[in-house]
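Heads up, the thing below is written out as structure tokens.
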Amino acid sequence: MNKNNFCIIMAGGIGSRFWPMSRTAHPKQFIDILGTGRTLIQQAFDRFNGTCPHDQIYIVTNEMYRELVKEQLPLINEEQIVCEPARRNTAPCIAYATYKIIAKNPNANIVVAPSDHIILKEADFCNIIQSALDCCTENDWLITLGITPSRPDTGYGYIQYTDCDNCNDSRTKKVKTFTEKPNIELAKSFISSGDFLWNSGIFIWSAKSILKAFENHLPDVFQIFNEGLGKYNTPDEAEFIKDTYTICKNISIDFGVLEKADNVYVYVSDFGWSDLGTWGSLYENSKLNANNNAVIGQNVLTYETKGSIINVPKNKLVVIQGLENYIVVESDGILLICQKDEEQQIRQFVNDVMLKKGDKYI
């Protein structure tokens, strides 16, 4: 195993689109939401443990989740839990973890991934990750993994690519444009054009390359984290980071760096990927019964109910009649019943609950 291979797993979100199962105190990455016996963050750790030494896998999360990470990932040590004092999106998150890594190993190559993805073809995924890490050893490239789209989905970002004349691997393409979640007409045109991929949000680069990209394209973020040189992995780090996050902007790595850089490449990939961001995506990745219902719960009886996802506690007896294409979820005394096609309203439901009933339900 290459001693220069490091991994950053981003696990700081609260997963509000999975409310009420995902709550602020115990968000979706710490839940066995697929019923596999392993939580999403545990599955992500397992996935990269074969490519990177387990003591070189860093978890970036919020300070409130430190103990949850320690409990669910006993193989990692305290130094590998990178706790942000506030949420500032992916660019500061990646900058912070990269400075910690480069302080240990200036020759580090890094894979960055969210904690809440589904990967069905693990062997194919690991092969691509290893190939991309090897590529970053030899090239000053910023690599992202692009997923061959199967439908005009409006919930994903898209990457347009062109052929790469100097690439040895036929899967590698030069990135032309990034487009955030398009409307349905635009998504259909992307699919028909044949030169667009879904943006997986999984990145591979060397520590030197990404810090150089920060310096060139996001200099204000680069500067404030660069002032911490000599403090990372020391007792002075915590106070420095606390001060840094009070002035650090909220910005994504895509918008802040990748959309501006001219050395961005994409690996055309097909490894059974899904961004597990919504109840609808969970439904698509669940085993369905004869009526196309995805049922999690041992005491559920359904009648004339089709195309629905039902997720209830094991000891709860639930009888449902006459629903079609619904989400029915109960968790910790909260019951949600919502049309599957209207699940984008869940965030509004959460805001309304906060205003009318208080944060104890959030």
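When reading the values below, keep in mind they use all heavy atoms of this one structure, side chains included, and skip hydrogens, waters and symmetry mates. If you read the sequence from its start, that first residue is 1, and numbering goes on from there.
The CD1 atom of Ile102 sits 5.0 Å away from atom CG of Leu211, with the distance rounded to the nearest 0.5 Å. Note that CG of Asn5 and OG1 of Thr137 are 7.0 Å apart. Values are rounded to the nearest 0.5 Å. Atom CD1 of Ile129 sits about 8.5 Å away from atom SG of Cys52, to the nearest 0.5 Å. Atom CG of Asn311 and atom CD1 of Ile309 lie 6.5 Å apart (nearest 0.5 Å). The distance from the CD1 atom of Ile143 to the CD1 atom of Ile128 is 11.0 Å, given to the nearest 0.5 Å. Within the model, atoms NZ of Lys357 and CG of Asp359 stand 14.0 Å from one another, a figure rounded to the nearest 0.5 Å.
Judged purely by distance below 3.5 Å, without hydrogens or angles, the side chains of Thr305 and Thr302 never pair a donor atom with an acceptor atom. In summary, the side chains of Asn77 and Gln80 do present a donor paired with an acceptor at a separation below 3.5 Å, with no hydrogens or angles considered.
Screening residues 332-362 for ring pair (Phe, Tyr, Trp, His ring centres under 6.0 Å) gives no qualifying pairs among residues at least two apart or on separate chains. Residues in residues 170-196 take part in these salt bridge (charged side-chain N to carboxylate O under 4.0 Å, His left out) pairs, two or more places apart or across chains: Asp163-Lys173, Asp169-Arg171. Here salt bridge (charged side-chain N to carboxylate O under 4.0 Å, His left out) pairs that include residues 57-77, with residues two or more places apart or in two chains, are Glu63-Arg66, Arg66-Glu78, Glu67-Lys70, Lys70-Glu78. Among pairs with a residue in residues 198-218, those fulfilling salt bridge (charged side-chain N to carboxylate O under 4.0 Å, His left out) read Asp140-Lys212, at least two apart in sequence or across chains. Sorted by first and then second residue, the pairs that involve residues 105-121 and meet salt bridge (charged side-chain N to carboxylate O under 4.0 Å, His left out), not counting sequence neighbours, are Lys28-Asp116, Lys121-Asp270.
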Stepwise, does the side-chain contact (heavy atoms from CB on, under 4.5 Å) test hold for Val60 with Ile8? CA-CA 7 Å; Val60 185; Ile8 298 170; 3.6 Å; yes
Run the side chain to side chain donor-acceptor pair (under 3.5 Å) check on Gln345 and Gln348 step by step: do they pass? CA-CA 5 Å; Gln345 294 192 51; Gln348 185 60 51; over 6 Å; no
Could you check Ile253 against Ile210 for side-chain contact (heavy atoms from CB on, under 4.5 Å), going step by step and ending with a plain yes or no? CA-CA 10 Å; Ile253 192 71; Ile210 190 58; 4.3 Å; yes
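Scanning both residues, Val350 and Ser16, for their nearest heavy atoms gives CG2-O, 4.1 Å. Contact detail for Gln72 and Ile41: the closest heavy-atom pair is OE1-CG2, 3.4 Å. Minimum interatomic distance between Arg17 and Arg347 (heavy atoms only, all atoms of both residues): CG-NE, 3.5 Å. Looking at every heavy atom in both residues, Val111 comes nearest to Ile202 through CG2-CG2, 4.2 Å. Of all heavy-atom pairs spanning Ala294 and Ser286, the tightest one is CB-CB, 3.7 Å. Between Gly146 and Val266, the closest heavy-atom pair is N-CG2, 3.4 Å.
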Without placing hydrogens or testing angles, list every side-chain donor-acceptor pair under 3.5 Å for residues 317-327, not counting sequence neighbours.
unit_1, atom_1, unit_2, atom_2, d
Gln321, NE2, Glu304, OE1, 3.1

Just distance, no hydrogens or angles: give the donor-acceptor pairs under 3.5 Å from side chains in residues 272-282, sequence neighbours left out.
unit_1, atom_1, unit_2, atom_2, d
Trp273, NE1, His117, ND1, 3.1
Ser274, OG, Asn285, ND2, 3.0
Thr278, OG1, Gly280, N, 3.4
Thr278, OG1, Ser281, N, 3.0
Thr278, OG1, Ser281, OG, 3.4
Thr278, OG1, Glu343, OE2, 3.3
Trp279, NE1, Trp19, O, 3.3
Ser281, OG, Gly277, N, 3.3
Ser281, OG, Thr278, N, 3.1
Ser281, OG, Thr278, O, 2.7

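Side-chain heavy atoms closer than 4.5 Å link hydrophobic residues (I, L, V, M, F, W, Y) into clusters, and following such links, possibly through other members, connects Ile14 to Met64. Hydrophobic clustering (side-chain heavy atoms under 4.5 Å, transitive across Ile, Leu, Val, Met, Phe, Trp, Tyr) keeps Ile310 apart from Leu288. By the criterion of side-chain heavy atoms lying less than 4.5 angstrom apart, applied directly or through intervening Ile, Leu, Val, Met, Phe, Trp or Tyr residues, Val257 is grouped together with Tyr99 in one hydrophobic cluster. At a threshold of 4.5 Å between side-chain heavy atoms, the hydrophobic network of Ile, Leu, Val, Met, Phe, Trp and Tyr places Ile224 and Ile251 in one connected group.
The existence of a salt bridge linking Glu284 and Arg151 is confirmed by a sub-4.0 Å separation between a basic side-chain nitrogen and an acidic carboxylate oxygen. A salt bridge does not link Asp32 with Arg38: every distance from a Lys NZ or Arg NE/NH1/NH2 to an Asp or Glu carboxylate oxygen is 4.0 Å or more.
The shortest side-chain heavy-atom distance between Asn250 and Arg87 does not fall under the 4.5 Å cut-off. Between Ile81 and Thr61, some side-chain heavy-atom pair lies under the 4.5 Å cut-off. Taking 4.5 Å as the limit, every side-chain heavy atom of Val175 sits out of range of all side-chain heavy atoms of Tyr161. Side-chain contact between Leu133 and Ile110: absent, with no pair of heavy atoms (C-beta onward) separated by less than 4.5 Å. Between Trp205 and Val112 there is a side-chain heavy-atom pair separated by less than 4.5 Å. Counting heavy atoms from C-beta outward, Val264 and Phe178 have side chains that approach closer than 4.5 Å. With contacts defined as side-chain heavy-atom distances shorter than 4.5 Å, the pair Thr179/Gln160 does not qualify. Between Val312 and Val300, some side-chain heavy-atom pair lies under the 4.5 Å cut-off.
Partners of Trp198 according to the side chain to side chain donor-acceptor pair (under 3.5 Å) rule, which considers only residues two or more places apart in sequence or in another chain, are Tyr158. With sequence neighbours left out, Cys164 forms a side-chain contact (heavy atoms from CB on, under 4.5 Å) with Asn166, Cys167, Tyr265. With sequence neighbours left out, Lys100 forms a side-chain contact (heavy atoms from CB on, under 4.5 Å) with Tyr58, Glu79, Val82, Tyr96, Tyr232, Asn233, Glu237. Checked against side chain to side chain donor-acceptor pair (under 3.5 Å), Ser252 has no partners two or more places apart in sequence or in another chain. Under the rule for a side chain to side chain donor-acceptor pair (under 3.5 Å), the partners of Asp220 that lie at least two apart in sequence or sit in another chain are Lys249.
The backbone N or O of Ile159 lies less than 3.5 Å from no partner atom in the side chain of Asn199, so there is not a single donor-acceptor pair. Judged purely by atom type and a 3.5 angstrom limit, Thr98 has no side-chain atom pairing as donor or acceptor with the backbone of Ala207. Side-chain atoms of Glu342 never come within 3.5 Å of backbone atoms of Gln339 as a donor-acceptor pair (strictly under, hydrogens ignored).
Taking the six-membered ring where the residue is Trp, the centroids of Phe125 and Phe48 are separated by under 6.0 Å. Checked against the 6.0 Å centroid threshold, Phe222 and Phe214 do not count as a close aromatic pair.
Test Asn109, Asn105, Asn107 against Asn4 for side-chain hydrogen bond (donor to acceptor under 3.5 Å, both in side chains) and you get one pass: Asn105.
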